[in-house]
Protein chains: 2
Amino acid sequence: MKISVLGEGMHFRSCHDCTARGFAICAALDKTELRELAQLSRHVRFESGATVFAQANIATSFFSVHAGTLRLYKLLPDSRRQIVGFALPGDFLGLPGLPHHEFSADAVGRVTLCQFPKESFATFAEKRPQLLRRMVELAGHELARAHEHMVLLGRRSAEEKIASFLIGWRDRLSGIGRGGEILPLPMKRLDIADHLGLTIETVSRTFSKLERDGVIQTFASGVVLLDAPRAEALSAGVS
Amino acid sequence: MKISVLGEGMHFRSCHDCTARGFAICAALDKTELRELAQLSRHVRFESGATVFAQANIATSFFSVHAGTLRLYKLLPDSRRQIVGFALPGDFLGLPGLPHHEFSADAVGRVTLCQFPKESFATFAEKRPQLLRRMVELAGHELARAHEHMVLLGRRSAEEKIASFLIGWRDRLSGIGRGGEILPLPMKRLDIADHLGLTIETVSRTFSKLERDGVIQTFASGVVLLDAPRAEALSAGVS
DNA sequence: CTGACGGGTTGATCTCAATCAAGGACAACA
DNA sequence: TGTTGTCCTTGATTGAGATCAACCCGTCAG
């Protein structure tokens, strides 16, 4: 696990012009508070594949994603893996009230994060109801997404799973201003499989089927939704 | 949808000797605050099968479960159902920041709840960081449970699903002081199936298998874990 | 240029859980 | 007492997705 602090060579990126501000918890803070929070945070970078923290380890920091994608996953003893989600810029990682990390997180491509020591962040938050409110809200959105994912895992077919995943991913990206014609998929097929409760072969076959049916077009870096309404219908479960 | 307010005939149950206090959000409040909160809450009761609120309806209240069990579920247009969880005494229902109910909730057996108008609760909470902190914590625990359930849905066999469910249910009950030799299962087989991403037949068969193998003994009202270590091993995924 | 490797695709076969179908246990009720 | 309905169980068969296996393609090292 390599941590590299953005050091001397790099410009200090002030929170003020942070690209993830607006989606992140920081949105709940005023200028002064922002500076105070910046004081106790530091910017860290992880290269592709690096582990940011591991399941069951003691959590000493919270993180706010600044740039890049992370996969958040849980492992069973026999190494079956479930990716419980992908974290994007603005997402907050870490749960006050739980001493240990509840899942592992590693970088999908290069990632930068704001790191906050748990203790000082908690102290900082304690007297700022609007920050706590924001955290309740973020947790609520996360919970809603988790529930939606349970429906996917428990009750949808492979084709619906893939379509739902693509639509959900598109909507999340556009929510943070990263919408576009081509939908980038930085994660590997195996990651998608472990996220959707499928095998890599089924994911591959299903992508092929959707392409054959003219719903998507696949590229090395992602897909284009040729027939978004059809994908949305599949995603909604209106087979 | 029948709502019956506990009325004249019934004793007013003060929050002070509420059996769910201690697990519920109220635990974060002192005596004075508790009385204030009681002021803006009312006790409501639902008979078995009654719907407390429905998915996509506008949320006007928050609830704290006082007694009984609720099933929380999402429906697909074609009526496939995923039960995202069961709520027990002390659980908080409703997410600040989302205008609509994100799932439906109905009573499994008779249920009583504390109902708080959303607005007045929000106003009350706004100035009480320790209450907000408690809500963040509760949301965090809920999220952790949701993640664990994703592993179950995405990566476990039918037998492991049932074993995990039983162990998880036992632990939750004992966490609220309802542990005991016999593990009550107030929900129906169909509920369990829709919670675990199985069919009712597979649930039934798997219970039968576990009973044949001497892991459990089934009764009308629940099960006894004859071989808890074996069930725990299955639950952990150490097949 | 060649071989090894990682990531992805495709085909053949198998298996676990779904589906289809029947019947049992039990409570509510006429 | 028989009738009806709900819930649960069990058996037979099917099928979606897993597994096993082969192969393609681009990249990188030697």
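Not measured: the values here are computed from a predicted model. Hydrogens, waters and symmetry mates play no part in the numbers below; they use all other heavy atoms, side chains included.
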Undergrad: Tell me whether the rings of A/Phe92 and A/Phe62 are parallel (<30°), tilted (30 to 60°) or perpendicular (>60°).
TA: tilted

Undergrad: Only one of A/Ile192, A/Leu196, A/Ile162 clears side chain to side chain contact (heavy atoms under 4.5 Å, CB included) with A/Thr206; which?
TA: A/Ile162

Undergrad: Salt bridge or not for A/Glu142 and A/Arg145, using N-O below 4.0 Å?
TA: yes

Undergrad: Can you tell me how far C1' of D/dA18 sits from CG of A/Leu196, to the nearest Å?
TA: 15 Å

Undergrad: May I ask you to decide if the ring planes of B/His66 and B/His43 are parallel, tilted or perpendicular, using 30° and 60° as cut-offs?
TA: perpendicular

Undergrad: What is the distance, rounded to the nearest whole Å, between atom CZ of A/Arg189 and atom P of D/dC24?
TA: 19 Å

Undergrad: What integer distance in Å separates B/Ile200:CD1 from C/dA22:P?
TA: 18 Å

Undergrad: Got a sec? Which of residues 71-83 of chain A come in under 4.0 Å of DNA chain D, heavy atoms?
TA: none

Undergrad: Expressed as a whole number of angstroms, how long is the span from B/Phe207:CZ to D/dC7:C1'?
TA: 14 Å

Undergrad: Name the residue closer to the 5' end of DNA chain C, choosing between A/Thr202 and B/Val203 according to the nucleotide with the nearest heavy atom.
TA: A/Thr202

Undergrad: Starting the side chain at C-beta, find the nucleotide from C/dT19, D/dT9, C/dG8 nearest to B/Thr199.
TA: C/dT19

Undergrad: What's the CE-C1' distance between B/Met187 and D/dC8, to the nearest Å?
TA: 16 Å

Undergrad: Nearest whole Å is fine: how far is D/dA18 C1' from A/Leu198 CG?
TA: 10 Å

Undergrad: Can you tell me how far P of C/dT9 sits from CZ of A/Arg205, to the nearest Å?
TA: 11 Å

Undergrad: Could you check whether A/Asp194 pairs with A/Lys188 (Lys NZ or Arg NE/NH1/NH2 to Asp/Glu carboxylate O, under 4.0 Å)?
TA: no

Undergrad: Could you measure the distance from the CG atom of B/Leu93 to the CZ atom of B/Phe103? Nearest 0.5 Å is fine.
TA: 6.0 Å

Undergrad: For the side chain of A/Ser157, counting heavy atoms from C-beta on, which of D/dG17, D/dT9, C/dG8 is nearest?
TA: D/dG17

Undergrad: For the residue pair A/Arg172 and A/Phe86, would you count it as a cation-pi contact if the rule is NZ or CZ under 6.0 angstrom from the ring centre and within 45 degrees of the ring axis?
TA: no

Undergrad: Just the rounded figure in Å: distance from C1' of C/dA21 to CD of B/Glu201.
TA: 10 Å

Undergrad: So what does B/Ser208 hit on the nucleic acid, given a heavy-atom distance under 4.0 Å: a base, only sugar-phosphate, or nothing?
TA: sugar-phosphate

